Amino acid sequence: MTDQQTDRALPHIVVFTGAGISAESGLQTFRDADGIWQQYAIEEVATPKGWEKDPAKVLEFYNQRRQQVRQARPNAAHFALAELADYYRVSIITQNIDDLHERAGSKNVLHLHGEIMKSRSTKDPTLLYDLGDKDIVLGDRCELGSQLRPHVVWFYEDVPAFEEAVDITRQADLFVVIGTLLAVYPAASLLEYVPRGVQKHVVAPQLEGVPPDIIWHRSKAAEKVPELVRLWISKGIH
Ligand code: APR
């Protein structure tokens, strides 16, 4: 059997992550007491209006966060999820724009809210560019001559990858949520597409409201995720 076929024959674990999985790598979350939205006004740095009003401020906001991402390292939770894929078919759907899942070795990563390490043409959204060690400043242009922007989904913008995320979620044999307050839609609605009878776990120190029939591990990711992964590898997922 090819890798793909073997992969398909294995039980499918779908992992849905948010900023909390990167907190122990030193990256701020958004809504915790020390979160990003306590320091910055969403309207000014993460909306199309903010971009129109002051693109240099928006570019600087993401340039600073990109520097932090470059200095961050994946933590035990990211590495445990990468190891899980040696035993199961694993799909990661993340709200995070950092590349820590990929740097930990995860292969199937779908970024619902974009990727901070890429820039995008403001004329043709299919034109994406790897930034490497560069940042984006006013005057950086795509091949069509339009200003480059962060390849990030802002508030009030569509989430193009959502349908694909729903398709993946519908195929879950186990659904694991890690490090998200489940406060932002449509991402948080993914829980509604988990097939009936499939076990749902959430790893987070706090939640705004515990969704029904969910197993809530009130812990930090770097401690709890490796423990759960060891359990699922040794005892199976049911
Ligand atoms: N381990 C696990 N979870 C943690 C940890 C940790 N060490 N630290 C914090 N958390 C949890 C918090 O308890 C909270 O439930 O992570 C969650 C962080 O929630 P948010 O800050 O709202 O982040 P997130 O859910 O990813 O935000 C979703 O909102 O601003 C937009 O586009 C942005 O993708 C982001 C989206």
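In what follows, residues are counted from 1 in the order of the sequence shown. Indexing begins at 1, ligand by ligand and atom by atom, following the structure's order. Not measured: the values here are computed from a predicted model.
Counting the atoms of ligand 1 from 1 in the order shown, those under 4.0 Å from a heavy atom of Leu181 are 14 (C), 15 (O), 17 (C), 19 (O), 22 (O), 25 (O). Per-residue contacts place Gly18 under 4.0 angstrom from the following atoms of ligand 1 (heavy atoms of the residue considered): 26 (O). Which parts of ligand 1 touch Ala221 is read off a 4.0 Å heavy-atom cut-off, strictly below it: atoms 1 (N), 2 (C), 6 (C). Taking every heavy atom of Glu24 and a limit of under 4.0 angstrom, the matching atoms of ligand 1 come to 1 (N), 6 (C), 7 (N). Every atom of ligand 1 is numbered from 1 in the order shown, and the set under 4.0 Å from a heavy atom of Phe155 is 30 (O), 31 (C). Taking a cut-off of under 4.0 Å to the non-hydrogen atoms of Asp32, the atoms of ligand 1 that pass are 9 (C), 12 (C). Counting atoms of ligand 1 from 1 in the listed order, those under 4.0 Å from a heavy atom of Ala23 are 7 (N), 8 (N).
In this structure, atom 34 (O) of ligand 1 lies nearest to the protein heavy atom His113 ND1, 2.9 Å. Atom 30 (O) of ligand 1 has as its closest protein heavy atom Trp37 NE1, 2.9 Å. Given atom 35 (C) of ligand 1, the protein heavy atom at minimum distance is Phe30 CE1, 3.5 Å. With respect to atom 25 (O) of ligand 1, the closest heavy atom belonging to the protein is Thr180 OG1, 2.6 Å. Closest to atom 26 (O) of ligand 1 among all protein heavy atoms lies Ala19 N, 2.8 Å. Among all non-hydrogen protein atoms, the one lying nearest atom 6 (C) of ligand 1 is Gly20 O, 3.3 Å. At the shortest separation from atom 27 (O) of ligand 1 among protein heavy atoms lies Arg31 NH1, 3.0 Å. Shortest contact from atom 28 (C) of ligand 1 to any protein heavy atom: Gln95 OE1, 3.3 Å.
For His201 and Trp232, the distance between ring centers is under 6.0 angstrom.
Heavy-atom neighbours of Asp158 CG from other residues, nucleotides or ligands within 6.0 Å: at or below the threshold of 12.
A donor-acceptor pair under 3.5 Å is formed between the side chain of Ser25 and the backbone N or O of Arg73. Side-chain N or O atoms of Asp32 include none that pairs as donor or acceptor with a backbone N or O of Gly35 at under 3.5 Å. Using a distance-only test at 3.5 Å, with no hydrogens or angles considered, no donor-acceptor pair links the side chain of Asp124 to the main chain of Leu144. Panel note: side chain Asn96, backbone Ala19; a donor-acceptor pair is recorded below 3.5 Å.
Counting heavy atoms from C-beta outward, Arg65 and Ile36 have side chains that approach closer than 4.5 Å. Contact check for Ile93 versus Thr169: side-chain heavy atoms found under the 4.5 Å cut-off.
Aromatic ring pairs are classed by plane angle as parallel below 30°, tilted from 30° to 60° and perpendicular above 60°; the pair Trp154 and Tyr62 is tilted.
For Pro205, the closest heavy-atom approach to ligand 1 falls below 4.0 Å. Ligand 1 has at least one atom lying under 4.0 Å from a heavy atom of Val184.
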